[in-house]
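Okay, so here's the structure we're looking at.
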2 protein chains.
Amino acid sequence: MSKEITIYDIANSLKISPATVSRALNNHDAISTNTKALIHAKAEEMGYRSNKFASNLRKQKTNTIGVIVPRLNSTLMSTILAGMEKVANEAGYNLLITQSLESFKKEISNVKTMFNSRVDGLMVSVSYDTEGYEHFRSFIDKNIPLIFFDRTLDKSECLNIVIDNIKGGYDATKHLLEQGCKNIIHVTGNLKRNVYADRMRGYQQALAEFGVPFKQHNIFETDLTTEAGRKVVQAIKLSEEKIDGVFVTNDFCAVTCMGMLKKMGYSIPKDIAVVGFNNDPLTEIITPSLSTVYYPGKEMGEIAAKSMINHLNGLMDIGHTNYIVLKSELIVRDSSSRLPKN
Amino acid sequence: MSKEITIYDIANSLKISPATVSRALNNHDAISTNTKALIHAKAEEMGYRSNKFASNLRKQKTNTIGVIVPRLNSTLMSTILAGMEKVANEAGYNLLITQSLESFKKEISNVKTMFNSRVDGLMVSVSYDTEGYEHFRSFIDKNIPLIFFDRTLDKSECLNIVIDNIKGGYDATKHLLEQGCKNIIHVTGNLKRNVYADRMRGYQQALAEFGVPFKQHNIFETDLTTEAGRKVVQAIKLSEEKIDGVFVTNDFCAVTCMGMLKKMGYSIPKDIAVVGFNNDPLTEIITPSLSTVYYPGKEMGEIAAKSMINHLNGLMDIGHTNYIVLKSELIVRDSSSRLPKN
DNA sequence: CTGAAAGCGCTTACAG
DNA sequence: CTGAAAGCGCTTACAG
């Protein structure tokens, strides 16, 4: 392990002060171009690397943004993260990423870690069973910027970056109704979470608008896994009332359901029309292609990171904004197209 | 922004020395249980949080592991990352994650960032067009542990965590041959990368074993996107020699091909049998289900992180190991099952 | 345009 | 079991 070069080594070898070396390395205005060039060359030659800890300790800033997601391995989340990473990296910020694995307890511990790591800001999509935001108190008290994205909390005074989930649910359901569906079930996730609760509200609104009575037993609150899909399909089969439409709040689960329905002899969309959510790439490559609600994951990640960085750099104050709602829209494909397209 | 509490504040308020506070907070043996309890309580009461920069600066250690992946938003990579995060988090390490977006240039810059962030170790899956490992020189010179996973480099003296890609390619191809395929094309990624080059070698070995001549024009070196799939299917259609087997080195692209082939009237597996790679969850939910090679992504992430942490904690020396090869195996499903299963 | 000096908040070898 | 003191490598207000 070779010795680390410091600004003192550079200063000594150039017979100047460490202060000047520090300034030159940070491209401070007050240093002459000559001196700068000299110092940069020497630094390069000696294999110098800045010590971020010393710098952070002195500047009381970390250039690191924390991110907590429910799971890393979901198409949506990894797409959002990709967007965040891109923006953060370009702006010279690092991302510290952890996953709550849908556990409130783990989320609390993740928040603590982020706090102790002194991230300059924190971006969070909450877990399935998160209750309240007391565990973010430390961030709020210290005025450390906090942004929620996708899954947000009620009554949050922080910036929330979302899509209009009510509209998403409404559009999907309305579309199914327009295609002639009379009895539409809704397969969703934990209704504690805004994304699922709002989509269901949209579902209810559309039903009401079309004069279709809402039935509680048509709501399947699940964990959206393959297993959940299996149970839903079983229920469809055993149902006394004919089910002719399915609105699933997640593409992967929707595709699972479609596959099983097909195997059981249902024709899609003729017997049962299906709409998913997120516009996962897989929706386009399966047969029939899955109608879905476009979810701007990459954009959401980029905008969240951009907002955070602008705030940190004083170019913007996220304290004044409560919601940023991104555009999202229904994409009609084969799984729900019963009528001739116009 | 409330003032940060330091060990000095705790020391003053308790009329003891900061050294004792530091020791107590780190559960040092030499501090009496009483004093420890007292200090911990006070720290809690005052809202103390340790300053990692000061601590890192002093200890010359960061408790942070860097990870560079080609893309965050790929099923395989996000699964690997999930495994890494789990292990790292449990061991009290943080993960600094960046993506190279398949660009050698960006990878070089990522490595530099990691170096300057003084990660304790670095885990990398290289980009499409990475050449050599000169850009890791700084890590090697400083003896900072470096682990490659999935996509590795030739002649690397570091620890590489991989699956047996040759065997994977061999198994897939052999299976297609056993199912009666006479003319199998192979759709793959950049052949500079071990994963793709090795799978092709396996493909060639199986052909050779069955006395089937290898034809260069049966190799499609692509970027494995939907567009690439489209071109391959076009080529299949226009081909003068009948093509009856497709081995694609990535499930998503395989599914894309399957979808288009079906639309063009091909029956799968009767006309054309298809095998993918990775065992992406989507392989099970499409119709016909896709035969594929199981890839232990989560395990790979866990083992990489575990190896790194054990090395950092002195429990193991990765300097003595060159390769860790994880188990992986062919999973036969409907897309390639022409013979009755035994 | 450059320097001297203080201080960011810890940890630890040394001493008792 | 506890303390005094030095030092990790920077940055910056102040002075010139």
Side-chain angles (χ1 to χ4, degrees), chain A residues 1-40 42-43 46-64 92 94 115-120 142, chain B residues 1-40 42-43 46-64 92 94 115-120 142:
Chain A
M1 185 98 65
S2 62
K3 184 191 167 305
E4 288 285 347
I5 303 298
T6 73
I7 53 171
Y8 292 97
D9 299 319
I10 300 176
N12 285 338
S13 111
L14 250 32
K15 311 255 177 266
I16 53 177
S17 84
T20 304
V21 175
S22 171
R23 291 198 185 91
L25 256 16
N26 289 310
N27 273 314
H28 197 283
D29 291 335
I31 305 295
S32 75
T33 322
N34 283 340
T35 317
K36 269 188 197 168
L38 211 68
I39 293 173
H40 275 116
K42 198 71 188 177
M46 297 177 75
Y48 170 78
R49 63 168 168 168
S50 156
N51 186 321
K52 287 212 176 172
F53 305 117
S55 164
N56 285 340
L57 175 58
R58 186 51 231 258
K59 290 200 289 190
Q60 307 281 42
K61 184 166 187 295
T62 71
N63 258 45
T64 300
N94 292 323
F115 187 67
N116 288 328
S117 294
R118 306 206 172 206
V119 292
D120 289 342
K142 275 227 162 15
Chain B
M1 187 96 70
S2 60
K3 184 189 169 303
E4 289 285 347
I5 303 298
T6 71
I7 53 171
Y8 291 98
D9 299 318
I10 300 176
N12 285 336
S13 110
L14 249 31
K15 310 256 177 264
I16 51 177
S17 83
T20 304
V21 175
S22 171
R23 290 197 186 92
L25 258 14
N26 290 310
N27 272 313
H28 197 284
D29 291 334
I31 305 294
S32 75
T33 320
N34 284 339
T35 316
K36 267 187 198 169
L38 212 68
I39 292 173
H40 275 115
K42 198 72 188 175
M46 298 178 73
Y48 170 77
R49 61 169 170 170
S50 156
N51 186 319
K52 286 211 177 171
F53 305 116
S55 164
N56 286 340
L57 175 58
R58 185 52 232 255
K59 290 200 290 190
Q60 307 281 38
K61 186 166 183 295
T62 71
N63 259 46
T64 300
N94 292 321
F115 188 67
N116 288 328
S117 295
R118 307 205 171 208
V119 293
D120 289 342
K142 277 228 160 17

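This is a predicted model, so every value here is computed, not measured. Throughout, a chain's letter reflects where its sequence line sits, starting with A, and its residues are numbered from 1.
Remark: D/dA4 base-pairs with no nucleotide in the shown strands. Criterion, Watson-Crick or G-U wobble with two distances under 3.5 Å. Base pairing of C/dA13 is not made with any nucleotide, judged by Watson-Crick or G-U wobble geometry with both donor-acceptor distances under 3.5 Å.
Residue side chain B/R49 does not reach the base of C/dG9 through any donor-acceptor N/O pair under 3.5 Å, judged by distance alone.
Within the nucleic acid shown, A/S32 comes within 4.0 Å of sugar-phosphate atoms alone, with no base atom in reach, counting heavy atoms only. Within 4.0 Å of B/N56, counting heavy atoms only, lies no atom of the nucleic acid at all. Among the atoms of the strands shown, base atoms are found under 4.0 Å from some heavy atom of B/Y8. Among the atoms of the strands shown, only primed sugar atoms or phosphate atoms (P, OP1, OP2) are found under 4.0 Å from some heavy atom of A/S55.
Without hydrogens or angle criteria, B/N51 side chain to A/L57 main chain gives no donor-acceptor distance under 3.5 Å. Using modelled atom types, no side-chain atom of A/N12 and backbone atom of A/D9 make a donor-acceptor pair closer than 3.5 Å.
The distance between atom CD1 of B/I5 and atom C1' of C/dC8, rounded to the nearest whole Å, is 16 Å. One atom, CD of A/E4, and another, C1' of D/dG9, lie 10 Å apart when rounded to the nearest Å. In this structure, NZ of A/K15 is placed 13 Å from P of C/dA4, rounded to the nearest angstrom. Taking atom CG on B/L25 and atom P on C/dC10, their separation rounds to 8 Å, with Å as the unit. Atom CZ of B/R23 is separated from atom P of D/dC1 by 12 Å (rounded to the nearest Å). Taking atom CG on A/N51 and atom P on C/dC10, their separation rounds to 16 Å, with Å as the unit. Per the geometry, CD1 belonging to B/I10 stands 12 Å off P belonging to C/dG9, to the nearest Å. Note: CD1 (A/I7) to P (D/dC10) measures 5 Å, nearest angstrom.
For B/S17, the side-chain atoms get nearest to D/dA4 when compared with the rest of D/dA4, D/dC10, C/dA5. Nearest nucleotide to the side chain of B/L57, out of D/dG3, C/dG9, D/dT12: C/dG9. Minimum atom distance to the side chain of A/I31 is reached by C/dT2, of the listed D/dT2, C/dT2, D/dC10. Taking every side-chain heavy atom of B/T20 into account, D/dG3 is the closest of D/dG3, C/dG9, D/dC10.
Listed pair B/Q60 / D/dG7 fails the phosphate criterion, with no side-chain N or O lying under 4.0 Å from OP1 or OP2. For A/T6, no side-chain nitrogen or oxygen approaches OP1 or OP2 of D/dC8 to under 4.0 Å. For the pair A/T35 and C/dT2, the criterion of a side-chain N or O lying under 4.0 Å from OP1 or OP2 is met.
Two residues are said to be in side-chain contact when any heavy atoms from C-beta on lie closer than 4.5 Å; B/L14 and B/T20 fail this criterion.
Side-chain contact check for A/S50 and B/N116: no donor-acceptor pair (N or O, by modelled atom type) lies under 3.5 Å.
Rounded to the nearest Å, the gap between the C1' atom of D/dT12 and that of D/dG16 is 16 Å.
Summarising the geometry, atom OG1 belonging to B/T64 is positioned 9.5 Å from atom CG belonging to A/N94; distances are rounded to the nearest 0.5 Å.
If B/R118 and B/V21 are placed on DNA chain D by their nearest nucleotide, the residue sitting closer to the 5' end is B/V21.
Under a cut-off of 6.0 angstrom, the local environment of NZ in B/K61 is crowded, with over 12 non-hydrogen atoms contributed by other residues, nucleotides or ligands.
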